[in-house]
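Notes to accompany the following structure.
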Amino acid sequence: MAMDSRGRTGAAGAVLPWLRWGGTGLAAGAAVASVLAATSSGLAAYYARMIVIPNRRREDLEILAVAGVAGQRRVVLPATAETTVPGRYALYVGGGASRALIGEILSLDGSTVTRAVTGGDEAALAAATRGWWSGDIIADPGELGLAHVDVQIGTPAGLAPAWRIDPDDPHAPEASTWVIGIHGRGARRSETLRGAAVMHRLGHTMLAIAYRNDGEAPRADGGRYGLGGTEWRDVDAAIAYALDHGAERIVLLGYSMGGAVALQTVDQSTWAHRIAALVLDAPVVNWTDVLGYQARLNRVPDSIGQFSQLMISHSAGRAVTGLVAPVDLKSMDWVSRAEHLHTPTLIIHSVDDDFVPAGPSEELARRNPEFVRFVPFDAARHTKEWNVDPERWEAVVADWLPTALRGSAPAPR
């Protein structure tokens, strides 16, 4: 089945006829009901699979022009909700093989935007016609001037790569607090490097990890996302690695779905008593809310969206979704479970996030003010708060985290 421009499914992208059918008699009504049931089931199954199958980035942004000489280039792009947001970004081209760094807006005429090109592979950008826009602008810790070691974490899925970024003074007390960076859905470990500089200044050791099915770590669980319900086991292995290498306390730094993974780790890990704090950027704190929002955004009828959630969360849906085990969406509703969260948690979330709405994050903080602090950003959309205002993002973390850690004494071994 194909998708039309509004996210609806039908042959060759056509709008489904049942969206406009009316009753024409009992016999016709029975036929319509039969077709409706079959079509609804197929659409729900398609939507459910789209949720749990790791997505591959598409070059969906047209590059209209690249002008100027090396070091002074500028790029002309369609003016979209993403390309017109101030800040620093990356434009990936060549199927993701090359990356140009994009800076300030130079001009905006309504239909196009011209931005400065500040680095990266400018030659590849000049030769490209399409690419994808991303807030993931740091390829490895070396770009931040941070010394790092490539390590392998022995996860239940197999060996997974990670960057270990050691502090300048590995013997300082702060160095025994390790920060584990957990990227989001469809991203890679480099996403978490936007938090590496401030963690380094605070004197902490950092692990930026890959986890199952992200394209860097091993494939597992039928190649499906567990939405946090399986990925936390790889974070658990990273915690064990950190403890084996001198860590006393752990901070989890999670982005988007990585926030859901972090919360599941706190909930289920045998090392939960070692987790001293959570720093979450645009986290999924209630999958039911996010999936319902995404269904409405893609014009998927509520009944279809709810049916797809049932397929994901019930064992009977495994044949359709390909999940090895159902996803317990109820246990991932931290708004309803707010009183169960006893780990100091900082949530940074843009109020205009159009992928993971900020409302549940704010509500979680309202219901659990003792442990959760919510800091809203503006105009940053999804997980791009640092890109829009890195100074503020880092200041918020630098002000909150030391205080949170002072209230969390190292747990006994």
Side-chain angles (χ1 to χ4, degrees), residues 151 153-157 160 162 164-167 170-183 192 195 199 202-209 211-212 226-255 257-281 283-285 328 330-347 364-365 367-373 397 400-413:
V151 301
I153 306 296
T155 76
R164 191 185 77 205
I165 306 169
D166 293 319
H171 302 295
E174 294 82 5
S176 65
T177 297
W178 284 45
V179 179
I180 297 178
I182 312 168
H183 65 76
T192 69
M199 297 304 181
L202 292 172
H204 303 315
T205 308
M206 181 168 171
L207 272 182
I209 68 168
Y211 57 74
R212 63 190 65 193
L227 306 183
T230 53
E231 295 82 1
W232 74 268
R233 298 182 185 279
D234 297 345
V235 180
D236 200 44
I239 294 174
Y241 173 93
L243 295 175
D244 286 344
H245 289 78
E248 294 289 341
R249 297 184 298 187
I250 302 295
V251 175
L252 300 183
L253 169 64
Y255 291 74
M257 189 179 90
V261 177
L263 288 163
Q264 286 301 295
T265 307
V266 166
D267 199 35
Q268 301 194 51
S269 172
T270 56
W271 304 113
H273 61 289
R274 292 299 193 106
I275 301 173
L278 305 178
V279 177
L280 308 180
D281 187 305
V284 178
V285 300
D328 187 356
K330 185 176 181 180
S331 73
M332 299 183 190
D333 178 1
W334 286 93
V335 176
S336 297
R337 299 185 60 207
E339 71 279 6
H340 295 158
L341 181 56
H342 300 137
T343 304
T345 300
L346 171 66
I347 297 179
L364 173 58
R367 294 191 185 192
N368 188 350
E370 181 180 359
F371 288 100
V372 183
R373 181 186 175 194
V397 173
W400 179 86
L401 186 55
T403 302
L405 292 175
R406 280 196 293 272
S408 303
R413 288 189 180 274

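Atoms considered below: every heavy atom in the structure, side chains included; atoms not considered: hydrogens, waters and symmetry mates. The first residue in the sequence is number 1, and the count goes up from there. All values derive from a computational prediction rather than experimental measurement.
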Side chains of D166 and T205, donor plus acceptor under 3.5 Å
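Result is no, nothing qualifies.
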Hey, could you give me the [atom1]/[atom2] distance between [X] and [Y], rounded to the nearest 0.5 Å?
| X | Y | atom1 | atom2 | result |
| --- | --- | --- | --- | --- |
| H204 | L207 | NE2 | CG | 14.0 Å |
| H342 | D267 | NE2 | CG | 10.5 Å |
| I180 | D234 | CD1 | CG | 11.5 Å |
| W271 | L243 | CH2 | CG | 5.5 Å |
| W232 | R212 | CH2 | CZ | 9.5 Å |
| L227 | M332 | CG | CE | 6.0 Å |

Under the 3.5 angstrom rule, does the side chain of [X] hit a backbone N or O of [Y] as a donor-acceptor pair?
| X | Y | answer |
| --- | --- | --- |
| T345 | T343 | yes |
| S269 | V266 | no |
| S336 | D333 | no |
| E231 | G226 | yes |

For [X] versus [Y], what's the shortest heavy-atom pair and its separation?
| X | Y | value |
| --- | --- | --- |
| G181 | T192 | C-CG2, 3.5 Å |
| L401 | A277 | CD1-CB, 3.9 Å |
| R249 | L405 | NH1-O, 2.7 Å |
| K330 | R337 | O-CD, 4.1 Å |
| L253 | G195 | CD2-CA, 4.2 Å |
| L278 | I275 | CD2-CG2, 4.0 Å |

Is the shortest side-chain heavy-atom distance between [X] and [Y] below 4.5 Å?
| X | Y | value |
| --- | --- | --- |
| Y211 | R233 | no |
| L252 | V261 | no |
| W334 | P283 | no |
| I250 | T177 | no |
| R164 | M206 | no |

Check the pair L346 / L280 against side-chain contact (heavy atoms from CB on, under 4.5 Å), numbers first and verdict last.
CA-CA 6 Å; L346 171 66; L280 308 180; over 6 Å; no
Given side-chain contact (heavy atoms from CB on, under 4.5 Å), test Q264 with V235 step by step and report yes or no.
CA-CA 10 Å; Q264 286 301 295; V235 180; over 6 Å; no
Could you walk me through whether E339 and N368 satisfy the side-chain contact (heavy atoms from CB on, under 4.5 Å) test, starting with their C-alpha distance in whole Å, then the side-chain angles of each, then the deciding distance to 0.1 Å, before giving a yes or no?
CA-CA 6 Å; E339 71 279 6; N368 188 350; over 6 Å; no
Look at the aromatic rings of H245 and W178 and report parallel, tilted or perpendicular, splitting at 30° and 60°.
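Because their plane-to-plane angle lies in the 30° to 60° range, the rings of H245 and W178 count as tilted.
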